[in-house]
Amino acid sequence: MTDARATGGTPPSTQPPADEHTRVEEQARAVPAQPGVLSRVGQARHLGLVVALALLAVVGLVTTPENFATSSNLVSILALASTIGVITVGMTFVIIGGGIDLSVGAVMALASVWATTLATQAYGPVVMAICAILVGTGAGLLSGFLISYGRMVPFIATLAMLVAARGLAQRMSDRRTQLVQPDNSAIVDLSTTRVLGLPLLVYIFALVVAIGWIVLNRTTFGRRTYAVGGNPEAARLAGINVRRHTMMLYALSGLCCGIAAVIIMARTTTGSSTHGDLYELDAIAAVIIGGTLLTGGRGTIIGSILGLLIFTVITNLFILNGLNTSDQLIAKGLIIVIAVLLQRRSLESRT
Amino acid sequence: MTDARATGGTPPSTQPPADEHTRVEEQARAVPAQPGVLSRVGQARHLGLVVALALLAVVGLVTTPENFATSSNLVSILALASTIGVITVGMTFVIIGGGIDLSVGAVMALASVWATTLATQAYGPVVMAICAILVGTGAGLLSGFLISYGRMVPFIATLAMLVAARGLAQRMSDRRTQLVQPDNSAIVDLSTTRVLGLPLLVYIFALVVAIGWIVLNRTTFGRRTYAVGGNPEAARLAGINVRRHTMMLYALSGLCCGIAAVIIMARTTTGSSTHGDLYELDAIAAVIIGGTLLTGGRGTIIGSILGLLIFTVITNLFILNGLNTSDQLIAKGLIIVIAVLLQRRSLESRT
Amino acid sequence: MSDLLVMRGIVKQFPGVRALDGVDLDVRAGEVHCLLGQNGAGKSTLIKILAGAHQPDEGTITFGGEDVRFSGPIAAIKSGIATMYQELDLVDGLSIAENIFLGHEQATIGFTRRGEMNKAASELLGRLGHGEMRPATEVGRLSAAGKQIVSMARALSHDVRLIVMDEPSAALAHDEVGNLFRVIRDLTAQGVAVVYISHRLEEIREIGDRVTVLKDGRTAAVGLPARDTPTSTVVSLMTGRDVAYVFPPRPDPGSHDNSPEVLKVEGLTLPGRFTDVSLTIREGEIVGLAGLVGSGRSEIVETVYGARRASAGQVVLAGEPVPPGSTSRSVRLGMGLAPEERKSQALLMNESVARNITIAGLTKYARFGWVDRKEESAAAVRLAEALDIRPPDPRRPVRTLSGGNQQKAVFARWLVEDRKLLLLDEPTRGVDVGARAELYAVIRRLADEGVGVLLVSSEVPEVLGLADRVLVLREGKVIHESDARDLDESRVLDMIMEGSAL
Amino acid sequence: ATPSSAAPQATTAGTDNDQPGTKVVIGFSAPAADHGWIAAIAKNAETQSKEYSDVEFKPVEPTNDINQQISAVESLIAAKVAALVILPNDGEQLNQVARKAMDAGIPVINLDRVFPDKLSYRTWIGGDNYGMGVAAGTYVGKTLKDKGVTNPVILEIQGIATLPLTMDRSKGFADALKTFGFTVTAKQDAKFTVESGTQVASNLLQAHKKIDAIWNHDDDQGIGVLAAIKEANRSEFFMVGGAGSANAIRDIAADSGVLKATVTYSPTMASSAIKLARLIAQGKGLSDLVENSVPTSITLASETITKENAQKYLPLGFES
Ligand SMILES: Nc1ncnc2c1ncn2[C@@H]1O[C@H](COP(=O)(O)OP(=O)(O)OP(=O)(O)O)[C@@H](O)[C@H]1O
Ligand SMILES: Nc1ncnc2c1ncn2[C@@H]1O[C@H](COP(=O)(O)OP(=O)(O)OP(=O)(O)O)[C@@H](O)[C@H]1O
Ligand SMILES: [Mg+2]
Ligand SMILES: [Mg+2]
């Protein structure tokens, strides 16, 4: 941010490596003198985030020993994280690519409403899921088109999409909460059916994260995303179709919103225009706390997911401890600051 | 100045000139061939915004001729705009300086609550106003400190401030709405007393805008703000204390929130932790639709205020026309897109 | 031999500037064709058109016997034209290998083949004499020179018939330039044509076959033989007048011995970068720092300036100790720095030339924080004129200026105030011959007015010709100090490369 | 969509109050309809107005921003409507502008959330939040007592915590439980949305491994609460809802899950408010009362809907 070069002259501490893997290898090579396990751990990226998460876990274990570490609580945390988690994956792409997507929550709401209209529900659960995904992708494509070909600022284009998608969702649903019909309970089963103790939707979440990681780190699309976000002019000169790529990033984010819509339908058994309120802030915050630069060109999926887990665990801890919301808010603010400062320290001590 | 590098890829056409005045002079000189009034108007900055505003006014005149152009309606628009307007001025500084402030609404709420506690109210209206302003400035200073000396990303630091300030406001007020006591009705008079037909608070708004404009365009502080936002490293090497300056920017934004708190107390006769919900989005949107770059280094106060007025007039038109909410939202999304595209066109046609 | 590339009557209009006004260029296969011209003559613009990054307004391009029109960079690359741009165009967040293959990655259905790419990248780097660079390293951590090498590797990674190099040597040190020339000779031996842009005339003479000279967007001469055209002819073609590549006369040795010390640096150390550096600069003296790229010169300068915090040692300016880590304090005490990378470290790209000039001395035109805009713009106009910044309109955004003129704008910034000490890091990088002479004169004049100057340059002749006293730096240590007149280029090169020649 | 929910039994026959009278414009302002109950309020008001040929209904943009609602009401005052129906986001904050309307001679019908200053409204009509808590508390307390549970774990999921109505409901609930010797074990606030209901409930269920009863303030967010309960596969407790949505009533009637009762807080009050506004504007009284003018305050009773009486209440339930 401000004063990167500052006194140390060295890498802005908040910048994570572009390629997670490379950096690990590099780090490992750089310190051949201390091959101990401890130093290995010390070299890991996202150390601050892991430490913050660990601290939170310790707090959980101390304050509510009987509840926090139970498997059902962990499942519950993962299930809670999965909706925003899926959205966060798409958001990570968009932000690395130099943009921002404020419309995620609203697009998810719209997709959930569209998929739960009686007309759609008549075709069964598979069509509902496809419908949600198509609606999400379509909305993302439209934002992307406005941004890359209409050359609108992402903030404004996706803000317009936010407002319009919420309006449309309200209109389609007539502002009612639309229940998933009993015929289509296969959707709800995603939340209630468990495999190896985990609800199906947690697997969806994991799958999206894994695919996101692979696409970002192992495909030309992913690598070009860094170029488009980090130095669009260089990307253009290298022959990358920056506009089309940008549009695809928003489509990808929309796709993730569509998947998130399926998850939220499963969890709440409804489609509603009120779903996903303020998700955009949570998702962006998770991405940024995970070390992705808001200016684009740098960031990791793992960081974003860790950032998100921190937020989810905080909320979980508060409720387990029966804290009141005001105190929760104050504590949340403090914890964010501490987590970020920890992350900074751990990065700095590495160089 | 728009599309400098021609073929594409580059410069966002929405870039406004850094100094409004200079640019006008420049434009005026650049086109000596057509000195007609029309071409003059065509050269004005922010033309797209003005056109959009004019179109909205026409819509207002056509759809509700008896209500829209009445002086009481115009007063009402200005009064409505003044709270966020004051905040927008501070936000413009922060964004030009390369940052962002998500905490504005929450800080305003906190300031309003702090100023309306019985303890504060005991000292009378002047102390209440001072209290609000000090609380706002203090919160801004703290965010600024975390950002410039703690080197936190502005998005995260001010998000933490948002959360914590709301929590603190709830805690201080015990989640109740705090009334301004009858003894201190001088505060409320700001909203009810009119001079030349306008409530006092509109004058406060105008004053803040004027001072903001002067500081941004005519002082070393303003000039340095552009430098700090445009290229912090260059600014630092040119001898600017970038950190201190950055901190001051957030303090300034906090100060504006404090003033906004006084206005909201006057308008609602209360202090409440619920004040200013989502103001951050509105303020940022106004700033950006006004042509300030989210990446810093460019922008104008006039643009931000025009952007804000567009939003306010849209809302006003909806109120007057009694549109149904869902349709309002959809329409709002479309209008934002159209306004921005208009702005783009007008800028492009100039070059 | 038939021409590989023929450009005829190329015109390019930017808002307010006609950058190219009917330029012709012929390049034959297997030759090194040099493009010369003053700052702003239109060299970069011409090659951007050739690379498909700009569209010409008029003119024709024939490549390999066919009429072509490149709709975008990809089209030019596909036809076999690779370009190294003047402003480095790398992505900091990606690895060396990924940068090299950006846009033409080796991939199977979209999945990158990283092993293969790293191997190929290693080979390319090896060909450039940098087998030690690891392809997985992130480009953001490389020095300017390292980036230049990656940029070169990228150009080589394409299967090309023509490579365009826009000032490739600007960020390179002497031995690196040797490497570069070896690669260029390899290429031409295989029949690849090279278009080479540089402001260093001696390089042209060494590597070039033919020369095309641009002046004010027009072709001043086409296809002159590079070795046989006298320098004076080239210079007068470029500038329209005769400018000798000369340094201003300097005062007699020892004439500064009794002047007061402006700068005293003692035992300055920044671990890993430089150790125990001590030096003094007296009023009116120009002290040069010679050394290899990466020898720590820039960091010494930045530390003296307060932009970095030393771990030991102290800096005293005109008797007053300079607190570490505060550039604003240093500026107030009377220092000025023209940093090495103008784009990222010095310029406010979106602002006008005038504002770039006045930003450092703003307080001088302000009372109680209130800027006196008349005074300010008058000063900007005066300074822009003093350095002959072209086009002579200080209200233009600095981003639209050519590289050399941007450098002048940075320089002008420090003429604003009464400076005691100027730190100049590569002040003539990318500056043309004519302007160079002017800058040298300005620097000397400042010194004569009593300013102390610390000069860092990768061009040894520049250090030797301009400075009064020279410090030679190797691996962060001062290994030699003497009067400039007692040294010659080969001795300095011996010293700075001694032991590192491997 | 069940039309019955809109404006149930719109009129009572036998009086001439429903005969067309002087034409009146009724302004209407309410919070943003992002919630089933509020949406029903807006809908009911609109439907009721359409029943009358002599009423022109003039709603303004619903908003959750106080500042905007003030402006909206100001614009209605400027438009000189004959009567104003206001459901304020916050009674205290809208008080000044309501007073301004009254001063301008426009009668204000205060819907639900109350203005602190009696001079700010002509008539108040609303639900009984405290009573609603009492009804829920009584049902919970009685059921547990009947089961013979001692030291029960009773959870409460509130709506938006900063609203005074939430505090009233909680207070009523706690007071009623106290009469049985019980207390609330834990409470958390949600946001009146399905999703927030799911989130809060799924965390609360983790915090308490054995629960006896849950009171959820709002049937809309209740859908989410029930989804979370289903997801966690829990059923050892029973739940009481709030407001009385059609959905909840159907669930209760079917007796298929943990939801055993709900306490009403009916949005039909909006229909009544429009009726009152019309009568006041036309200078008429309530014909079933002796007085010549409309009373200044009408509080609806909160009723408890259980399996036994569900069918009777179903037509009154609003679709969430
Ligand atoms: N994007 C642009 N917009 C407007 N003017 C431009 C732009 N790019 C270049 N110019 C102008 O075109 C002219 C030629 O610039 P160019 O960069 O080609 O010069 P050059 O010969 O490469 O100079 P140098 O040696 O300093 O790099 C200059 O006057 C410059 O100001
Ligand atoms: N930000 C950085 N992070 C890591 N190493 C760095 C950084 N900046 C410089 N270095 C290293 O420090 C050493 C000194 O660099 P410096 O830039 O001072 O050299 P220099 O002599 O000025 O060379 P140049 O001509 O490139 O400016 C080099 O090895 C360089 O690679
Ligand atoms: Mg050039
Ligand atoms: Mg250097």
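Lettering follows sequence order; numbering is per chain, from 1.
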*For the atom pair CG (B:L168) and OG (A:S326), what is the distance rounded to the nearest 0.5 Å?*
9.5 Å

*Which pair of heavy atoms, one from B:I330 and one from A:A164, lies closest together, and at what distance?*
CG1-O, 3.8 Å

*Heavy-atom contact with chain A under 4.5 Å, split by part of B:L278*: side chain

*asked:* As an exercise, state the distance from CG of A:L329 to CG of B:L162, rounded to the nearest 0.5 Å.
replied: 9.0 Å

*When rounded to the nearest 0.5 angstrom, what is the spacing between CE in A:M152 and CD1 in B:I289?*
7.5 Å

*Locate the shortest heavy-atom distance separating B:G150 from A:L341; write the atom from each residue and the value.*
O-CD2, 3.7 Å

*Nearest non-hydrogen partners of A:L159 and B:A285, listed with the distance*: CD2-CB, 3.3 Å

*Looking only at non-hydrogen atoms, find the nearest pair between B:I156 and A:I336 and report the distance.*
CG2-CG2, 3.4 Å

*Can you name the residues that form a ring-ring contact (aromatic ring centres under 6.0 Å, His included) with B:F221, not counting sequence neighbours?*
B:H245

*To the nearest 0.5 Å, how far apart are CD in B:Q170 and CD in A:Q328?*
10.0 Å

*Measure the CG-CZ distance between A:L294 and B:F155 for me, rounded to the nearest 0.5 Å.*
6.5 Å

_Which of A:I284, A:L102, A:T295 touches chain B most, by non-hydrogen pairs under 4.5 Å_ = A:I284

*Within a reach of under 6.0 Å around CE of A:M248, are more than 12 heavy atoms found that belong to other residues, nucleotides or ligands?*
no

_Show the nearest heavy-atom pair for residues B:A160 and A:V337, with the distance to one decimal._
CB-CG2, 3.8 Å

*Check salt bridge (charged side-chain N to carboxylate O under 4.0 Å, His left out) between B:R171 and all other residues, then give those that pass, not counting sequence neighbours.*
A:D327

